[in-house]
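Okay, structure first, notes after.
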Amino acid sequence: MADDSIDVNAVELATELTIAWLGNPNTRTSAEEVPSFLGKMHETVQSLLGGTAEQQPEEAPSDHTPAVSVRKSLASKDHIISMIDGKPYKTLRRHLATHGLTPAEYRDRYGLKPDYPMVAENYSESRRAMAKKIGLGRKPGGKTEAPARKRKGAEADAEA
């Protein structure tokens with residue numbers, strides 16, 4: 001009898017919370033999303049009330065087979081081939097983020113060494129050259145070209 005009252009209360013509370021959520025003018029949702037939200041709300045309310053919600057069986061961790069070998073993924077200096085889908089990328093960070101992975105998780109998933117690169121070699125070098133060209137990486141107060149030009153101009157004025 002006590003379980004029935006908890007279950008009814010959980011259903012009522014979940015329904016009321018869902019109605020309040022949908023009544024908020026800032027909430028934009030489609031009709032297809034409402035049942036799943038109501039279900040999640042019911043599970044949450046039921047667990048907060050102390051009832052035991054039915055646990056979904058967790059998926060067994062599947063062994064991820066790489067799309068390409070480690071050697072092939074690093075075969076070109078222009079790109080790195082993803083072991084997830086076998087496509088070439090200059091940098092893997094954004095690609096991994098779309099799959100919900102961090103570089104460390106990606107390395108763990110495929111048994112890669114900690115120094116496995118996330119950026120293609122040529123792309124890294126071109127970015128490095130561009131950064132040096134615009135002056136990144138210099139220590140503050142270091143010599144720059146602008147004061148050298150001013151000195152040359154000042155020396156030319158002194159000679160004249």
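In this text, all values refer to a predicted model and were calculated from it rather than measured experimentally.
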From the list I80, I81, V68, side-chain contact (heavy atoms from CB on, under 4.5 Å) partner of L74 resolves to I80
Short question: side chain of E43, backbone of K40 - any donor-acceptor pair under 3.5 Å?
-> no
Under 3.5 Å, is there a donor-acceptor pair between the side chain of R107 and the main chain of Y116?
-> yes
Shared ILVMFWY cluster between V11 and L38, side chains joined below 4.5 angstrom?
-> no
What residues, two or more places apart in sequence or in another chain, satisfy side chain to side chain donor-acceptor pair (under 3.5 Å) together with Y106?
-> none
Please name the residue in the list E12, H42, M41 that meets the side-chain contact (heavy atoms from CB on, under 4.5 Å) test with L17.
-> M41
Taking every non-hydrogen atom, the tightest pair across A67 and S82 = CB-O, 4.3 Å
Provide the closest heavy-atom pair for T98 versus H95 in the form atom of the first, atom of the second, distance.
-> OG1-O, 2.5 Å
Run the numbers on T65 and M83 for side-chain contact (heavy atoms from CB on, under 4.5 Å), then give the verdict.
-> CA-CA 8 Å; T65 56; M83 296 181 140; over 6 Å; no
Using ring pair (Phe, Tyr, Trp, His ring centres under 6.0 Å) as the criterion, list what pairs up with H79, not counting sequence neighbours.
-> none
R138 and G135 have their tightest heavy-atom pair at NH2-CA, 3.0 Å
Looking at L101 and I84, what are the two nearest heavy atoms and their distance?
-> CD1-CD1, 3.8 Å
Stepwise side-chain contact (heavy atoms from CB on, under 4.5 Å) test for E16 and L13 | CA-CA 5 Å; E16 291 296 321; L13 286 172; 5.6 Å; no
Say whether, by atom type as modelled, one donor and one acceptor occur between the side chain of S73 and the main chain of V70 under 3.5 angstrom.
-> yes
Donor-acceptor pair, S124 side chain versus A120 backbone, under 3.5 Å?
-> no
